[in-house]
Amino acid sequence: MISITREHACRFLLAKNNLLGPGRLRGKEGVLSYVRQAGCVQYDPVDVCGKSHELALLSRVRGFTRQMLWELLYEDRALIDYFDKNMCIMLVQDWPCLAYMRDHFRNHTRSREAVDAVAQQLMQLAHERGSISAQELDLKEKVDWPWGETSLGRAALETLYFRGDLVVHHKTGTVKSYAPAADCLPRQLLDAPDPFRGERERQMWQVMRRIGAVGMLWNAASDAWLGVDGLNAQARAEVFEALLGAGVIAPVAVQGLARPLYVLRQDLPLLSGCAQPGGQDRAVRLLPPLDCMLWDRRLIAALFDFHYKWEIYTPEAQRRYGYYVLPVLYGERFAGRIEPVCDRRESVLRVRHFWPEENVNPSNRFLWALEDAVQALCRFHGLSRVVWEPGWLAEESKC
C-alpha cells in the first residue's frame with residue numbers, strides 16, 4: 001500500500017480537481033474536459049451568487065460563460081441534464097449507462113395512471129411545438145407528487161423526463177422546457193443497450209466514477225455515494241473488493257487517517273507527481289457548496305482540517321455563517337468562507353462577509369488575490385462593480 005502525508009493527499013486532490021496551478025482548462029473544450037473527468041457536475045437551481053454548477057466551472061475553466069454551457073447543453077447536445085448524483089450535468093454519451101434509472105421511473109412514479117392518460121398527447125404536442133413547459137399546459141388538475149401536490153401538467157412532463165421519453169430542450173431561468181428525446185439525441189444513442197450485466201457491474205462503474213470525481217474516497221458511508229442505488233455497506237465492500245481485484249483502484253494510506261483511501265489506478269502518476277510542494281500558487285478560488293471535491297465533507301475535514309456545512313437548510317437562528325456561503329481556497333489550503341450576493345437591481349456584487357479560518361491571517365497578498373476572484377465573479381454576472389459592505393472583514397481579522 002502506498003503511504004503518503006496529508007499534505008501530499010491534499011495536493012493530489014487539488015491537482016486532480018484542476019484547482020492547483022495556473023489552470024489548463026479553457027473554453028468549451030475545457031468544460032467538456034472537466035465534466036468528463038468528474039463524470040457529473042451537480043446541478044442546483046438556487047442562484048444567490050451563481051448556481052452551484054456554474055461556480056464549479058468558473059473556478060476551473062478560464063473564460064467560462066453561461067453561453068458556453070447553454071451551447072453544450074442545448075445546441076451542441078454534447079452535455080445533458082439528468083440524474084446521477086441527484087440532478088447533474090453529464091456527457092450525453094453516458095445516456096445508456098443510466099438505463100436502470102429510466103427503468104425505475106417507468107415503474108415507480110406517483111400519480112402514474114393520471115400521467116399515463118395524458119402521456120401520448122403531451123409527447124405529440126412537444127414534437128409538434130418543438131418544446132413545451134408546464135406553464136404552457138392547460139392541465140391544472142392537482143395530483144400527488146414527491147414534493148407535495150402539483151399540477152398534472154408538471155407531474156406528467158417530469159415523469160416523461162424521468163423515464164427518458166423527454167429531455168430538457170432548454171431552460172428559462174429555472175423553468176424547464178422539454179422535447180422528445182428522439183428529436184434531440186442520436187438514434188444510435190437511444191437504441192444503445194444497457195452496458196451493464198446486472199446491478200453489480202453498474203455499481204462498480206458508479207463507484208469508479210465517484211472516486212474519479214472526488215479524487216480519492218474511502219470505503220465508508222458518504223454523501224459521495226448518493227444515487228448509487230443498492231450500495232449498502234455489504235455491497236460497497238464487495239464493489240471495492242471487485243475493483244481492487246480488477247486492478248482498477250489502488251489503496252493509499254494517509255498519515256493520521258485510520259482507514260485507507262482509494263484512487264483510480266490511472267491517477268497514480270498524478271499522485272506521485274504531487275509528492276513535493278509545487279510552485280507558490282497564490283490564486284483564490286471560490287468553490288460552490290455542491291462542488292464534487294466537497295461531496296465527502298468528513299474527508300475534507302480529515303485532510304484539510306476544514307469543516308464545511310451548507311447552511312441553506314439550517315434555520316436562520318441556528319446558522320453559524322450564512323444562507324449561501326462559499327468555501328475560499330487559497331493555494332493548497334482553505335482560507336475561509338465568503339458570502340457574496342448578486343444585487344441585480346443595483347448591478348453590484350455585494351460581499352457581505354468573509355470569515356477567515358482560525359489559523360489564517362488575511363495578509364495583503366491574500367486580500368488582493370481574494371479581490372481578483374471576487375472581481376472575476378462580478379464580471380461573470382455582468383455586474384458593474386463590487387461593493388464590500390461595512391464589517392465584511394472583522395476588525396480582529398485585519399492585518
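Count residues from 1 along the sequence. The structure displayed is predicted, hence computed values, not measured ones.
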| task | List the steps, then state whether salt bridge (charged side-chain N to carboxylate O under 4.0 Å, His left out) holds for E357 with R337. | result | CA-CA 8 Å; E357 288 291 274; R337 301 142 221 268; 3.2 Å; yes

| request: Count the heavy atoms belonging to other residues, nucleotides or ligands that lie under 6.0 Å from CD of E199, then report whether that count exceeds 12. | output: yes

| said: For R60, is there an ion pair with D291 - N to carboxylate O distance below 4.0 angstrom? | reply: yes

| field | L122 and L137, any side-chain heavy atoms less than 4.5 Å apart | value | yes

| request: Starting at SG of C274, measure out to CD of E332 and round the result to the nearest 0.5 Å. | output: 8.5 Å

| Any side-chain heavy atom of V239 within less than 4.5 Å of one from V228? | no

| task | Taking R285 for its side chain and L19 for its backbone only, find out whether a donor-acceptor pair lies under 3.5 Å. | result | yes

| field | Parallel, tilted or perpendicular, as decided by the 30° and 60° cut-offs, for the rings of W225 and F240 | value | perpendicular

| note | In terms of heavy-atom contacts, E346 and S384 come closest through O-OG, 4.3 Å

| note | Residues at least two apart in sequence or cross-chain that pass side chain to side chain donor-acceptor pair (under 3.5 Å) with R66, listed by chain then number, are E54, H381

| task | May I ask you to decide if N17's main-chain N or O and Q37's side chain share a donor-acceptor pair within less than 3.5 Å? | result | no

| field | Residue pairs fulfilling side-chain hydrogen bond (donor to acceptor under 3.5 Å, both in side chains) with at least one residue in residues 82-96, sequence neighbours excluded | value | Q42-K85, D84-R209, D84-R210, D94-R209

| message | Given 3.5 Å as the limit, does a donor-acceptor pair link the side chain of R319 with the main chain of E311, or not? | response | yes

| Min side-chain heavy-atom separation L79-L69 under 4.5 Å | yes

| task | Verify, without hydrogens or angle tests, whether T172 (side chain) and V175 (backbone) share a donor-acceptor contact under 3.5 angstrom. | result | no

| query | What is the ring orientation for F83 with F105, classed by angle as parallel under 30°, tilted 30 to 60°, or perpendicular over 60°? | reply | tilted

| message | Looking at L231, is its backbone amide N or carbonyl O close enough to the side chain of R236 to form a donor-acceptor pair, meaning the two atoms are under 3.5 Å apart? | response | no

| request: Calculate, to the nearest 0.5 Å, the distance between atoms CD1 and CG belonging to I249 and L244 respectively. | output: 4.0 Å

| task | Mark yes when over 12 heavy atoms from residues, nucleotides or ligands other than Q67 sit less than 6.0 Å from its CD; otherwise mark no. | result | yes

| field | Heavy-atom pair with the smallest gap, counting every atom of S133 and S177 | value | CB-OG, 3.7 Å

| Spatial distance of atom CG (D194) from atom SG (C97) [nearest 0.5 Å] | 8.0 Å

| query | So, the side chain of R333 versus the backbone of C10: is there a donor-acceptor pair under 3.5 Å, distance only? | reply | no

| Does D138 CG have over 12 foreign heavy atoms under 6.0 Å away? | no

| query | Looking at side-chain heavy atoms only, is the closest gap between V263 and L270 below 4.5 Å? | reply | no

| said: Is there a path of hydrophobic side-chain contacts, each under 4.5 Å between heavy atoms, that joins V387 and F380? | reply: no

| request: Evaluate the criterion side chain to side chain contact (heavy atoms under 4.5 Å, CB included) for residue pair T314 and R320; output intermediate values, then yes/no. | output: CA-CA 9 Å; T314 303; R320 184 177 178 185; over 6 Å; no

| With sequence neighbours excluded, residues passing side chain to side chain donor-acceptor pair (under 3.5 Å) with R187 | D191

| query | Could you go step by step and tell me if K16 and L13 meet the side chain to side chain contact (heavy atoms under 4.5 Å, CB included) rule? | reply | CA-CA 5 Å; K16 172 69 175 174; L13 272 183; 5.7 Å; no

| task | Answer yes if the side chains of Y100 and Q206 hold a donor-acceptor pair under 3.5 Å, and no otherwise. | result | yes

| Y34 and F64: aromatic ring centres closer than 6.0 Å? | no

| task | Please answer whether the main-chain N or O of E75 pairs with a side-chain N or O of H170 as donor and acceptor at a distance below 3.5 Å. | result | no

| request: Please state whether the rings of F304 and F334 are parallel, tilted or perpendicular, taking 30° and 60° as the class boundaries. | output: perpendicular

| Parallel, tilted or perpendicular, as decided by the 30° and 60° cut-offs, for the rings of Y324 and W310 | perpendicular

| field | Distance, nearest 0.5 Å, that separates CG of L367 from CZ of F354 | value | 7.5 Å

| Sub-4.5 Å side-chain heavy-atom contact between L286 and L55 | no

| task | Could you check if a side-chain atom of L370 sits within less than 4.5 angstrom of a side-chain atom of I338, using non-hydrogen atoms only? | result | yes

| Other residues, nucleotides, ligands: >12 heavy atoms within 6.0 Å of H127 NE2 | no

| query | Do the side chains of P180 and L166 get nearer than 4.5 Å, heavy atoms only? | reply | yes

| remark: Rounding to 0.5 Å, atoms CG (D44) and NZ (K51) come to a distance of 9.5 Å

| ILVMFWY cluster, L226 and W218 together (side-chain gap under 4.5 Å) | no

| query | Which heavy-atom pair separates V118 from L152 by the least distance, and what is that distance? | reply | CG1-CD2, 4.2 Å

| query | Does L393 share a hydrophobic cluster with V348, counting links as ILVMFWY side-chain heavy atoms below 4.5 Å and allowing steps through other members? | reply | no

| request: Taking S347 for its side chain and R344 for its backbone only, find out whether a donor-acceptor pair lies under 3.5 Å. | output: no

| request: Measure the acute angle between the ring planes of Y321 and W355, then classify it against the limits of 30° and 60° as parallel, tilted or perpendicular. | output: perpendicular

| task | Indicate yes or no for a side-chain donor-acceptor contact from S33 to the backbone of E29 under 3.5 Å, with no hydrogens or angles considered. | result | no

| query | What is the distance from atom CZ of R352 to atom CD of E389, rounded to the nearest 0.5 Å? | reply | 6.0 Å

| field | Candidate pair D116 and R163, rule salt bridge (charged side-chain N to carboxylate O under 4.0 Å, His left out), full reasoning | value | CA-CA 12 Å; D116 287 345; R163 294 174 179 175; 3.1 Å; yes

| field | Co-membership, hydrophobic cluster, residues L32 and M90, 4.5 Å side-chain | value | yes

| task | Step through the shown structure and confirm whether more than 12 heavy atoms of other residues, nucleotides or ligands are within 6.0 Å of CD on E128. | result | yes

| Between R265 and A250, is there a donor-acceptor pair closer than 3.5 Å when you use the side chain of the first and the backbone of the second? | no

| said: To check you understand the geometry: which heavy-atom pair defines the closest contact between L294 and P288, and what is its length? | reply: CD1-O, 3.5 Å

| said: Pairing donors with acceptors under 3.5 angstrom, does anything connect the side chains of Q120 and Q124? | reply: no

| query | Can you check whether R112 reaches T159 side chain to side chain, under 4.5 Å on heavy atoms? | reply | no

| task | Using distance alone, with no hydrogens and no angle criterion, decide if Y74 and D81 have a side-chain donor and acceptor under 3.5 Å apart. | result | yes

| For A182 and L190, which heavy atoms make the closest approach, and how far apart are they? | CA-CD1, 3.5 Å

| message | For G164 versus A181, what's the shortest heavy-atom pair and its separation? | response | O-CB, 3.4 Å

| query | According to a 4.5 Å side-chain heavy-atom criterion applied to Ile, Leu, Val, Met, Phe, Trp and Tyr, with indirect links allowed, do L349 and W368 form part of one hydrophobic cluster? | reply | no

| query | Can you tell me if CZ on R200 sees more than 12 non-hydrogen neighbours from other groups inside 6.0 Å? | reply | yes

